[in-house]
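First comes the structure, then the notes that go with it.
Hydrogens, waters and symmetry mates are skipped; everything else that's a heavy atom, side chains included, is used. Ligands are counted one by one from 1 in listed order, and the atoms in each one are counted from 1 as well.
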Amino acid sequence: MEQTFIALKPDAVQRGYIGEIIQRFERKGFKLAGLKLMHLSREKAETHYGEHKDKPFFGGLVEFITSGPIVAMAWEGNNVVAEARKMMGATNPKDSAPGTIRGDFAVDLGRNIIHGSDSVESAQRELSIFFEPGELVCNWDRSTEKWVYEKPEPAKQACSV
Ligand code: IDP
Ligand code: MG
C-alpha cells in the first residue's frame, strides 16, 4: 500500500478550496494518514523544491509556498502516487484537463494550488520533510476498506515517517 505527499498550496488555502480538494481524495477511496495546517519555513521550502534550485522560477516558487499557510497531507492507497498526479492534472493549468483539480481550480502555472509527489521515492523524502516522527497515523482500521478494495490489506502498523 503506497503513500503520497499532497500539499494544498497557499492559493488553495486563501481561496477556500481546502474542503473541496480533500473531498476529492476521500470520495476516490484513498485513506488519510496525516493532515496539518502549517506555515512552511524557507529552509524546508528550499529542501522540498531542491530539484528546481537552478531554475529561474525557484526564488518565486519559494516566496509563494512560504507566503501563507499550506495544508500538508499524507494519503494512502493502491497506486496513490500516480493516481493523485492524475487527479491533480498537468503542472500548467492551461494544459490540465477539466475535471482535474488544477483544471477546475487554477489558471496560472505559478498558482497551481496543489503539490503531489511524483514517485514513491519522492513521497518518502517529502513526507519526512513535512511530518515529524510519530505524526502520521497509519494504524487505523477503516470500516469501509472492504468496499473500496476487493482484497483489503490490514492497516499498516508502522508509519513510513
Ligand atoms: P509539479 O508540481 O507538477 O510536480 P514541477 O515541475 O515539479 O511540477 O514544478 C514544481 C512547481 O514549480 C510547480 O507546481 C509550479 O508551481 C512551479 N513551476 C514549475 N515550472 C514553473 C515555471 O516555469 N514558472 C513558474 N513556476 C513554475
Ligand atoms: Mg514536482
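Protein residues having at least one heavy atom under 4.0 Å from any atom of ligand 1 are K9, Y49, H52, F57, L61, R85, T91, R102, L109, N112, listed by chain and number.
With 3.5 Å as the limit, one finds a donor-acceptor pair spanning the side chains of N112 and K9.
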Practice item. Kindly determine whether V107 and K94 satisfy side chain to side chain contact (heavy atoms under 4.5 Å, CB included), including the steps that lead there. Key: CA-CA 6 Å; V107 180; K94 83 173 166 55; over 6 Å; no
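Among residue pairs with one or both ends in residues 72-106, those qualifying as ring-ring contact (aromatic ring centres under 6.0 Å, His included) are Y17-F105, F25-W75; sequence neighbours excluded.
Around the CD atom of E145, the shell of radius 6.0 Å holds more than 12 heavy atoms that belong to other residues, nucleotides or ligands.
Between F5 and F130, the ring center distance clears the sub-6.0 Å criterion.
Classification of E83 and K28 as a salt-bridged pair holds, one side-chain N sitting under 4.0 Å from a carboxylate O.
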